[in-house]
Amino acid sequence: MKSNVLGDLSIEDFLANYWQKKPLVIRNAFPDFEMPFTAEELAGLTLETDAPARMIIEHGLPPENKPWQVKLAPFEDSDFTTLPDTHCTFLVNDLERYIPELGNLIEPFRFIPDWRIDDLMVSYAEDQGTVGPHTDDYDVFLIQGEGKRRWKIITREDYPKELIPDLPIALLKEFEADEEWLLEPGDMLYLPPNMPHYGIAEGACFTFSVGFQAPRTVDLIQNWLETFTKNNQFTKRFTDAKREPQENPGEISATDLNKLSSLMLDSIEQQKAELNLFLGKHLTESKGEIPPENHEIIAGYHEQYDYERESWLRFAFIKNQANNSLDFFADGHHVNLPKEYLKDIQELCENYYYSSESLKELMKNNQFNHIFEKLIQQGGLYPANS
Ligand code: SIN
Ligand code: CO
């Protein structure tokens, strides 16, 4: 299979040899790249919305004059007018939520499933601007927008891991690169997780990052546990009808330990089907942020309208092998559907625009209809051209 951003490399080749393994530079991955906004417009966006943003200034400003000063949004006009002319970077996360057209920079990476994609970030740097030498614990595609940036990376595993102490950001104390590239507009660098990198602007430049998420076990388990009180799971108690006399009252015997751990582990095993549903809901849930108001909410479904989906609204589906059906998830909601809906659901998940015709069959299903209405009310779906 081909992707339009991997050059001559097939998706199979990229997944087998680079994804999570090796860095890769693709020259001209986005030919004729055109910047969708100016630095002033980007600054304006952070003044007008809640978009998560930060400034990183290598040689700090008075009165602190500290190296590596970090300022977090919300910003005021004066934060921008007092920025130095060099060695500073301004970064905005979740950009696709605030400028939906920028979904087109994420689209080419959807050979990796949507649930794995985190966000689109942009950085605007003045000459020599950098966020410093660091590692990220996620995969990232760095797409060079306007201007040039020199990227240096360390590929060997035994590099010095010590961080510069007492900084507001985690930066490596030593950084001896073993590869480097100057990226020009439209060029792209893929970096696997935890690979040290250091990008320095040569003249003012914009860099876009498509970042991926990899849930941590502790977060999955914690979130899963939080659903229990609601669902009344795991209420089975320990029993010991076959108890034998024991020598010392203080001992927790091997038999008891085995029974206790089996009680826990077997119960988890029995929850396997439930666990799949939890994962579908959890992975489509927005991360607690308030969605941006990109469109007016027009409540109620109108069957003559086409609908569009906001890029923050995550859809996913699971082919439910256990009961030969389909589970559809949308922003933490779930509906079980007959497998005959597979094609409709696949199209729903793949696209962001739905013709009135394409929604007809699905909307006949009461449960789906209910969720669709709810998502309209939440602003995640809206009539096209509204
Ligand atoms: C940047 O765009 O300046 C930083 C991106 C990164 O290093 O992950
Ligand atoms: Co990074």
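In each ligand, atom 1 is the first atom listed, and ligand 1 is the first ligand listed. Nothing fancy with the numbering, it's 1 onward along the sequence.
The protein heavy atom nearest to atom 4 (C) of ligand 1 is V131 CG2, 3.8 Å.
A salt bridge does not link K281 to E285: none of the charged nitrogens lies less than 4.0 Å from a carboxylate oxygen.
Taking the side chain as every heavy atom from C-beta outward, L42 and L95 approach each other to under 4.5 Å.
With sequence neighbours excluded, the residues forming a side chain to side chain contact (heavy atoms under 4.5 Å, CB included) with I345 are F317, L326, F328, L337, Y341, L348, C349, L362, F368, listed by chain and number. Checked against side chain to side chain donor-acceptor pair (under 3.5 Å), K152 has no partners two or more places apart in sequence or in another chain.
Atoms of ligand 1 found under 4.0 Å from any heavy atom of R149, numbered from 1 in the order shown, are 3 (O). Residue H197 approaches ligand 1 through these ligand atoms, each under 4.0 Å from one of its heavy atoms: 6 (C), 7 (O), 8 (O). Near D136, the atoms of ligand 1 lying under 4.0 angstrom from a non-hydrogen atom of the residue are 8 (O). Annotation for ligand 1: atoms under 4.0 Å from non-hydrogen atoms of H134 are 6 (C), 7 (O), 8 (O).
Checking F80, F90, F206, F208 one by one against Y124, the ring pair (Phe, Tyr, Trp, His ring centres under 6.0 Å) holds for a single residue, F206. When each of Y382, Y307, Y354 is paired with Y301, the ring pair (Phe, Tyr, Trp, His ring centres under 6.0 Å) condition holds for Y307 and for no other.
Within the 4.0 Å heavy-atom shell around ligand 1 one finds W151. Using a non-hydrogen distance threshold of 4.0 Å, V140 does not register as a contact of ligand 1.
For K66, the NZ atom is loosely surrounded, since the number of other residues' heavy atoms within 6.0 Å does not exceed 12.
If you look at D136 and ask which of its N, O or S atoms sits nearest the Co ion (ligand 2), the answer is OD2.
For ligand 1, none of its N or O atoms has an N or O atom of T89 under 3.5 Å away. Between S123 and ligand 1, an N or O atom pair is found at a separation short of 3.5 Å.
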